[in-house]
Amino acid sequence: MILSMTGFGKAEIVEGGMSVSVEVRSLNGRYLDLVFKAPRIFGHKEAAAKELVKRKIDRGKVTVLVGVQSDRVSLASVRVDQALIGQYVTMLKEAAQRAGIPADVRLEHLLAFEDVFSVGSSDDQVDEVWIVVETAVGKALDEMNDMRVKEGKSLARDLRERLSLVRRHIDAIERQSASSVQEELEKLKDRIRKLLDRADLDPQRLDLELALLADKVDITEELVRLRSHLEMFEGFIDSDEHTIGRKLNFIIQEMGREANTISSKSSRSDVIHAVVEIKEELEKLREQVQNVE
């Protein structure tokens with residue numbers, strides 16, 4: 001089953017004079033990258049938030065926004081470290097005296113030292129609110145995953161349509177290459193005749209020419225591998241596996257290599273044109289797969 005890496009979810013819980021709102025957004029990314037934005041008292045909960053996200057999402061850039069309003073819990077009690085302020089005042093006056101600067105320590109000077117202020121609540125209060133936050137985050141993630149499933153279904157439909165176009169071009173190449181074998185053999189015979197007309201004919205050179213031309217004509221292996229890659233790609237789309245984006249991208253790369261080999265082996269313009277069409281569809285597939293988890 002395909003999951004899109006793009007989604008949005010929102011949840012709000014109101015109970016006992018407390019309101020917790022959570023928004024979760026996800027974008028495509030190679031790995032799981034979490035941005036956690038919450039009141040400062042939850043700064044130490046980022047690891048716990050990432051564990052919540054990892055239970056439901058394997059990769060992508062995920063942003064979790066947490067808002068809390070509470071009448072019964074003090075979430076932003078500000079403390080001033082008076083002893084530390086005294087030390088900073090003394091330090092500033094001594095520095096000014098040594099530099100020959102008038103010692104005039106003002107409030108804005110002290111505001112430059114962030115460690116004199118602290119925002120916090122009791123651990124019991126924080127844990128009490130965090131339980132509600134966890135529930136809201138879980139609901140928001142579930143809503144976002146519902147959206148990711150819906151978008152994943154749309155992605156799957158588009159991928160299947162493009163795979164169908166690639167398969168048609170492969171069918172066309174098979175038909176064209178079958179009729180081109182005789183043409184290539186005629187060219188081969190002409191080259192052999194020219195070689196036979198030469199008095200200094202080297203039998204080894206003749207064998208080499210035959211081997212090289214025979215290999216150039218035959219694109220059967222490349223076509224077989226292309227079809228195999230198509231079947232593997234479709235198998236992943238229909239599977240119950242969730243994290244398949246990297247695998248699909250790898251298969252597209254392999255299909256591109258086979259298409260390039262076919263183009264280099266064939267001299268027919270219609271085959272080369274069909275390969276160009278295949279590569280165009282592969283590029284569109286690659287763009288879509290970038291959004292698959």
Side-chain angles (χ1 to χ4, degrees), residues 1-80 114-115 117-158 239-246 248 287-293:
M1 179 177 66
I2 282 186
L3 289 177
S4 169
M5 278 194 284
T6 302
F8 173 81
K10 185 175 181 179
E12 184 174 3
I13 298 177
V14 179
E15 61 177 42
M18 178 172 54
S19 174
V20 175
S21 62
V22 174
E23 290 186 4
V24 183
R25 300 184 180 93
S26 67
L27 299 172
N28 33 335
R30 293 185 64 186
Y31 309 102
L32 180 59
D33 181 15
L34 174 66
V35 177
F36 180 65
K37 297 181 180 180
R40 289 184 60 179
I41 60 167
F42 299 123
H44 64 293
K45 294 291 188 180
E46 183 170 354
K50 188 168 185 177
E51 287 301 316
L52 289 174
V53 173
K54 286 173 65 177
R55 295 173 192 170
K56 300 178 183 290
I57 298 175
D58 290 307
R59 70 187 186 111
K61 184 174 182 179
V62 181
T63 301
V64 178
L65 304 176
V66 178
V68 179
Q69 293 181 344
S70 177
D71 297 331
R72 61 187 176 87
V73 179
S74 175
L75 297 177
S77 58
V78 180
R79 301 184 181 92
V80 180
E114 296 182 357
D115 53 347
F117 303 99
S118 61
V119 180
S121 300
S122 69
D123 292 339
D124 291 340
Q125 288 178 328
V126 173
D127 291 340
E128 180 182 355
V129 179
W130 181 250
I131 292 174
V132 182
V133 171
E134 284 185 321
T135 303
V137 170
K139 290 183 177 181
L141 287 171
D142 287 340
E143 182 177 297
M144 185 180 72
N145 276 340
D146 288 341
M147 178 181 291
R148 294 170 68 227
V149 169
K150 292 178 182 178
E151 290 196 11
K153 292 179 179 178
S154 298
L155 280 171
R157 284 195 297 270
D158 184 77
S239 71
D240 294 330
E241 191 173 349
H242 291 168
T243 310
I244 60 175
R246 292 191 185 95
L248 296 182
E287 292 175 2
Q288 291 287 51
V289 165
Q290 299 309 308
N291 200 37
V292 175
E293 183 176 270

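Throughout, numbering of the chain's residues begins at 1 and tracks the sequence.
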Enquirer: Listed by chain and number, what are the salt bridge (charged side-chain N to carboxylate O under 4.0 Å, His left out) partners of Glu12, not counting sequence neighbours?
Expert: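 So Glu12 forms no salt bridge (charged side-chain N to carboxylate O under 4.0 Å, His left out) with any residue.
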Enquirer: List in chain and number order the residues that pass side-chain contact (heavy atoms from CB on, under 4.5 Å) with Ser26, two or more places apart in sequence or in another chain; answer none if no residue qualifies.
Expert: Val62, Met144, Arg148
Enquirer: Looking at residues at least two apart in the chain, or sitting in another chain, which of them share a side-chain hydrogen bond (donor to acceptor under 3.5 Å, both in side chains) with Asp158?
Expert: Arg162, Gln288
Enquirer: Please report the closest heavy-atom contact between Glu151 and Ser4, naming both atoms and the distance.
Expert: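 For Glu151 and Ser4, the tightest heavy-atom pair comes out as OE1-OG, 3.2 Å.
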Enquirer: Quick check on Arg30: does its CZ atom have over 12 non-hydrogen neighbours (other residues, nucleotides or ligands) under 6.0 Å away?
Expert: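 Open: at most 12 neighbouring heavy atoms sit under 6.0 Å from CZ of Arg30.
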Enquirer: Could you tell me the separation between the CG atom of Leu3 and the CG atom of Leu155, rounded to the nearest 0.5 Å?
Expert: 10.0 Å
Enquirer: I'd like to check the side-chain hydrogen bond (donor to acceptor under 3.5 Å, both in side chains) partners of Ser21; sequence neighbours left out, ordered by chain and number.
Expert: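 Partners of Ser21 under the side-chain hydrogen bond (donor to acceptor under 3.5 Å, both in side chains) test: none.
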Enquirer: What is the minimum heavy-atom distance between Phe42 and Phe36, and which atoms define it?
Expert: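 So the minimum-distance heavy-atom pair works out to O-CE2, 3.5 Å.
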Enquirer: Looking at residues at least two apart in the chain, or sitting in another chain, which of them share a side-chain contact (heavy atoms from CB on, under 4.5 Å) with Glu23?
Expert: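 With sequence neighbours excluded, Glu23 shows a side-chain contact (heavy atoms from CB on, under 4.5 Å) to Phe8, Lys10, Arg25, Leu65, given in chain and number order.
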Enquirer: Considering residues at least two apart in sequence or located in another chain, which fulfil the side-chain contact (heavy atoms from CB on, under 4.5 Å) criterion with Ser154?
Expert: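 For Ser154, the residues satisfying side-chain contact (heavy atoms from CB on, under 4.5 Å) (neighbours in sequence not counted) are Arg157.
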Enquirer: Roughly how far apart are Asn291 CG and Leu27 CG, rounded to 0.5 Å?
Expert: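 These two atoms lie 8.5 Å from each other.
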Enquirer: Identify the heavy atoms of Lys139 and Ala11 that sit nearest to each other, and give their distance.
Expert: CB-CB, 3.7 Å
Enquirer: Give, for atom CG of Leu248 and atom CD of Gln290, the distance between the pair rounded to the nearest 0.5 Å.
Expert: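 The CD atom of Gln290 is 10.5 Å from CG of Leu248, to the nearest 0.5 Å.
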Enquirer: Could you tell me which residues satisfy salt bridge (charged side-chain N to carboxylate O under 4.0 Å, His left out) with Arg59, sequence neighbours excluded, listed by chain and number?
Expert: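 Per chain and number, Arg59 pairs via salt bridge (charged side-chain N to carboxylate O under 4.0 Å, His left out) with no residue.
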Enquirer: To the nearest 0.5 Å, what is the distance between CD1 (Ile57) and OG1 (Thr243)?
Expert: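 So the CD1 of Ile57 and the OG1 of Thr243 are separated by 10.5 Å.
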Enquirer: Please give me the minimum heavy-atom distance between Lys61 and Val35, naming the atom from each residue.
Expert: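 So the two residues come closest at CE-CG2, 4.2 Å.
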Enquirer: Hey, what do you get for CD1 (Ile244) to CD (Glu293), rounding to the nearest 0.5 Å?
Expert: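 If I round to the nearest 0.5 Å, the distance is 9.5 Å.
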Enquirer: Applying side-chain hydrogen bond (donor to acceptor under 3.5 Å, both in side chains), can you list everything that pairs with Glu46, at least two apart in sequence or on another chain?
Expert: none
Enquirer: Quick one: pull up NZ in Lys56 and CG in Asp142 and give me the separation to the nearest 0.5 Å.
Expert: 4.0 Å
Enquirer: Please identify each residue that fulfils salt bridge (charged side-chain N to carboxylate O under 4.0 Å, His left out) with Asp58, with sequence neighbours left out.
Expert: none
Enquirer: Suppose we screen for side-chain contact (heavy atoms from CB on, under 4.5 Å). Which residues come up paired with Leu52, at least two apart in sequence or across chains?
Expert: Arg55, Glu134, Val137
Enquirer: Looking at every non-hydrogen atom in both residues, tell me the closest pair between Ala49 and Leu34 and how far apart they are.
Expert: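 Result for this residue pair: C-CD2, 4.1 Å.
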Enquirer: Nearest heavy-atom pair of Ala136 and Ile13: which atoms, and what distance?
Expert: N-CD1, 3.6 Å
Enquirer: Under the rule for salt bridge (charged side-chain N to carboxylate O under 4.0 Å, His left out), what residues qualify as partners of Glu51, not counting sequence neighbours?
Expert: Lys54
